[in-house]
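Here's the structure we're looking at; comments come further down.
Whatever order the structure lists ligands and atoms in, that order sets their numbers, starting from 1.
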Amino acid sequence: MKISFAPPRIDEKIINSVTEALKSGWITTGPRTKLFEKKLAEYCGIKNVVCLNSATAGLELILRWFGVQEGDEVILPAYTYSATANVVIHCGATPVFVDVNNDFSISIEKISKVITDRTKVIMPVDFGGLPCDYDAINSLVNSDSVLSMFNPQTENQKKLNRILVLSDAAHSIGGKYKGRRAGALTDVSVFSFHAVKNLTTAEGGAIMLNLPYPFDNEDIYKEIVIKSLHGQTKDALSKTKPGAWRYDIVEAGYKFNMTDIQAAIGLVELERYELETLPARKFICEYYRQKLSGFEWADLPIQMDGYRESSYHLFPLRINSVSEDERDRIIALISEKEIAVNVHFIPIPMMSFYKNKGYDISDYPQTYNYYSREISLPVYYGLKTDEMDFLVENLKECVESVLNAR
Ligand SMILES: *Cc1c(COP(=O)(O)O)cnc(C)c1O
């Protein structure tokens, strides 16, 4: 029995939707992308969404829009995918890493210790799909002591007059916090539709705009769309209308737009997300939870509590009291059985580029502890119970064989 980690759900519906987009003659950004934006906004209960070619592009675009630059600091968890930190580097700013809690979310207590007059943005990550405690983060950035430290430089920074909370919600579409959905929990959130994510467009991402007064999110939407397409005042679709050939370039923008072929996948994925995808993912995670709960070595992830629920993007299992080396041996053994598991994530301070910049994993002990014991189990639509039974049985054997070899 061979088990993959996260294959996409490519069925007739997806193929037909993409075929229709191809046959329509309009393949780049157009009506399907605009419809997908509208449906995403409805799903999350906000008004303005910009679809792009990736979440990374979305995160960078918002940092640029806010005017983040050299000399500025951006606070983010040490335990995330490198995209979250790389975009800060692209802007010339300094990533300030913070350790995480037992649920893998950024420690708010530790955020408050590293805020300075250079801090412009906090980027919490909804690890595995579980929303962070946004009420606590939003009230921290609005607290008197933090407000008095804020040193605005650009027009948008002066208008917000506090630290921007930019949520890396790459995992959390469909996740819930106090009755609201991820995407609507803070100033700006960014989803990823990469091939392995809960809801895919092959590659893609979306910026969910939820900025407070005096910002007009409709105006910001227009501004971001222009920024995402060379700073050009007209998109390809409006330029094809007879006589509407003239356009202007108002800034040196980027090339980050989503195509209608991607949106054709996304529209099908979103339509069946709440009633098919999410329940299937939740079932899988609960099945693992029930099967593993009897083992002393299994440290099960928090995916739901009194005020929030995960989108069940990952099942980040930790093995109690193993070393990094022992965890690696467990993975090597289970891989021999043709079962694909994964590790989320190798902490950023352990990556060469960041190590060379002077970051040191020993400054983030919880991050290292969780990483060194973490094994993500497969979660995808179509994973069968007999496959999960097979997986758990083999995992048990592999863990016990490594523990007994001590
Ligand atoms: C996947 C991922 C991203 C990047 O998403 P892309 O759409 O591939 O750019 C960012 N942050 C986290 C935590 C991710 O897992």
Side-chain angles (χ1 to χ4, degrees), residues 5-6 8 33 36-37 40 49-64 74-91 95 97-98 100-101 103-106 121-132 165-175 182-183 185-186 188-208 228 254-259 262-263 265-266 269-270 281 301 310-316 342-351 354 364 367 370-371 374 376 378-380:
F5 186 71
T33 305
F36 187 40
E37 288 177 344
L40 282 166
V49 176
V50 185
C51 280
L52 299 172
N53 59 8
S54 73
T56 308
L59 293 170
E60 177 161 345
L61 210 49
I62 293 298
L63 294 181
R64 301 268 183 194
V74 175
I75 298 173
L76 68 154
Y79 203 0
T80 179
Y81 181 59
S82 56
T84 328
N86 285 355
V87 293
V88 178
I89 301 282
H90 294 172
C91 295
F97 298 114
V98 164
V100 297
N101 301 311
D103 63 4
F104 299 97
S105 70
I106 188 166
V121 180
I122 298 174
M123 292 167 79
V125 176
D126 296 340
F127 188 104
L130 186 69
C132 296
V165 180
L166 170 58
S167 164
D168 179 341
H171 299 176
S172 60
I173 184 168
L185 303 176
T186 191
V188 184
S189 308
V190 177
F191 292 146
S192 172
F193 308 131
H194 175 269
V196 301
K197 299 293 178 7
N198 272 25
L199 190 161
T200 190
T201 60
E203 292 282 359
I207 298 176
M208 317 300 286
S228 73
Y254 300 88
K255 187 61 168 71
F256 286 163
N257 56 306
M258 176 179 276
T259 70
Q262 292 167 297
I265 303 175
E269 286 273 271
L270 184 59
R281 302 188 76 97
S310 180
S311 67
Y312 303 96
H313 176 54
L314 300 174
F315 191 86
N342 225 318
V343 174
H344 292 90
F345 293 96
I346 304 172
I348 302 186
M350 295 177 75
M351 299 297 186
Y354 290 92
Y364 316 95
T367 296
Y370 301 151
Y371 151 75
E374 204 268 353
S376 294
V379 182
Y380 59 88

(request) For the pair F104 and F127, name the ring-plane relationship: parallel under 30°, tilted 30 to 60°, perpendicular over 60°. (result) parallel
(message) Using 30° and 60° as the class boundaries, would you call the ring planes of F193 and F191 parallel, tilted or perpendicular?
(response) tilted
(message) Just by distance, no angles: are the side chains of D103 and Y370 close enough, under 3.5 Å, to form a donor-acceptor pair?
(response) no
(request) Taking atom types as modelled, find out whether D126 and H171 have a side-chain donor-acceptor pair closer than 3.5 angstrom. (result) no
Considering only N or O atoms, set out every pair between ligand 1 and the protein closer than 3.5 Å, with distances to one decimal place.
from: ligand 1; atom 1: 5 (O); to: S192; atom 2: OG; distance (Å): 3.2
from: ligand 1; atom 1: 7 (O); to: A55; atom 2: N; distance (Å): 2.9
from: ligand 1; atom 1: 7 (O); to: S192; atom 2: OG; distance (Å): 2.7
from: ligand 1; atom 1: 9 (O); to: A55; atom 2: N; distance (Å): 3.3
from: ligand 1; atom 1: 9 (O); to: T56; atom 2: N; distance (Å): 2.8
from: ligand 1; atom 1: 9 (O); to: T56; atom 2: OG1; distance (Å): 2.4
from: ligand 1; atom 1: 11 (N); to: D168; atom 2: OD1; distance (Å): 3.3
from: ligand 1; atom 1: 11 (N); to: D168; atom 2: OD2; distance (Å): 2.7
from: ligand 1; atom 1: 15 (O); to: H171; atom 2: NE2; distance (Å): 2.6
from: ligand 1; atom 1: 15 (O); to: K197; atom 2: NZ; distance (Å): 3.4

(request) Go through the steps for E203 and N53 under the test side-chain contact (heavy atoms from CB on, under 4.5 Å), then give the verdict. (result) CA-CA 6 Å; E203 292 282 359; N53 59 8; 5.9 Å; no
(request) Decide side-chain contact (heavy atoms from CB on, under 4.5 Å) for I75 and I106; before the verdict, give the C-alpha distance in whole Å, the side-chain angles of both, and the deciding distance to 0.1 Å. (result) CA-CA 10 Å; I75 298 173; I106 188 166; 4.3 Å; yes
